[in-house]
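Structure, as structure tokens:
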Amino acid sequence: MKNLRLKSARAALDLSQQQLAEKVGVSRQTISAIEKGDYNPTVKLCVAICKALGKTLDELFWEE
Amino acid sequence: MTNNVILPIVLAAAAVLVVVLIRAKKQEKHYDERQLLARNAAFKTAFFTLVSACFICGFLDLLDIHWAEASIQMFLIALLAITVFVCIAIFKDAYFDASKRNRYTFIISVFTLAALNLAVTMVTLWQDGNLSSQVYYLFTSLCFCAVGIVSIAKTVKDKKSEDEV
């Protein structure tokens with residue numbers, strides 16, 4: 001399932017996938033795969049992404 | 001296998017090992033969790049390709065179909081497994097991926113090597129109804145082509161993905 005909330009949060013901070021990837025310490029393709037729903041990140045990576053975007057786990061990764 | 005063949009192979013393997021170790025120390029590249037998982041999946045696929053190819057060759061041997069000498073079959077199977085691993089690793093961005101600025105150089109180099117190997121193989125391919133050792137060059141050429149095609153596909157995929165951002 002696509003993660004549109006992650007994409008919106010990233011866009012709200014005017015960050016490209018590459019910039020977010022560098023902040024989090026992963027490759028651009030990993031961020032792309034997470035946003036497309038092709039990859040389920042570990043909790044550790046989810047937390048790192050949340051910290052980089054200033055959001056909570058629920059806001060970005062909880063399934064509604 | 002004569003000493004004339006063993007020594008060059010050992011020297012080539014040693015040279016590759018030295019280059020890999022030096023580059024590994026210089027780059028200290030960190031692969032993220034998705035890349036490590038993708039690399040493991042590539043290893044698994046390559047392993048099962050290797051085992052399946054061995055079974056097929058063994059089965060053909062049981063049916064008395066000798067398409068090449070045992071040593072040629074062995075090297076071709078190993079080359080096939082390595083190529084499968086490299087192609088999957090490149091496509092999933094798990095390993096062996098040239099950096100962005102070197103990608104086009106990498107693709108051109110790969111296709112050049114493929115063409116060179118193909119040129120060498122044009123000499124003689126079949127000897128006494130069996131594949132000669134020239135088949136190494138043909139197969140190497142095909143493997144390089146596969147790597148090149150996968151690299152191009154990955155480049156196109158990455159460009160599309162970047163444009164969507």
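Lettering of chains follows the sequences in order, A, B, ..., and the numbering in each one begins at 1.
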(request) Name the member of Asn40(A), Thr30(A), Val26(A), Val24(A) that forms the most heavy-atom pairs with chain B at distances under 4.5 Å. (result) Thr30(A)
For residues [X] and [Y]: do they belong to one hydrophobic cluster (side chain heavy atoms under 4.5 Å, members Ile, Leu, Val, Met, Phe, Trp, Tyr)?
{"X": "Leu6(A)", "Y": "Leu13(A)", "value": "yes"}
{"X": "Ile77(B)", "Y": "Ile88(B)", "value": "no"}
{"X": "Leu37(B)", "Y": "Val43(A)", "value": "yes"}
{"X": "Phe75(B)", "Y": "Leu50(B)", "value": "no"}

(request) Determine whether Lys157(B) and Gln29(A) make a side-chain contact, defined as any pair of heavy atoms from C-beta on separated by less than 4.5 Å. (result) no
(message) Within the supplied structure, the quantity of interest is the number of heavy atoms (other residues, nucleotides, ligands) at a distance under 6.0 Å from Asp38(A) CG; does it exceed 12?
(response) yes
(request) Apply the test salt bridge (Lys or Arg N to Asp or Glu O under 4.0 Å) to residues Arg28(A) and Asp93(B): give CA-CA distance (whole Å), side-chain angles for both, the deciding distance (0.1 Å), then the verdict. (result) CA-CA 10 Å; Arg28(A) 187 199 65 77; Asp93(B) 183 43; over 6 Å; no
(message) For Ser32(A), which atoms come within 4.5 Å of any heavy atom of chain B: side chain, backbone, both, or neither?
(response) side chain
(request) Please look at Ala11(A) and chain B and tell me whether the side chain, the backbone, both or neither of the residue comes under 4.5 angstrom of a heavy atom of that chain. (result)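 Answer is neither: Ala11(A) stays 4.5 Å or more from chain B.
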(message) Which heavy atom of Glu33(B) sits nearest to which heavy atom of Pro41(A), and what is that distance?
(response) OE2-CA, 3.6 Å
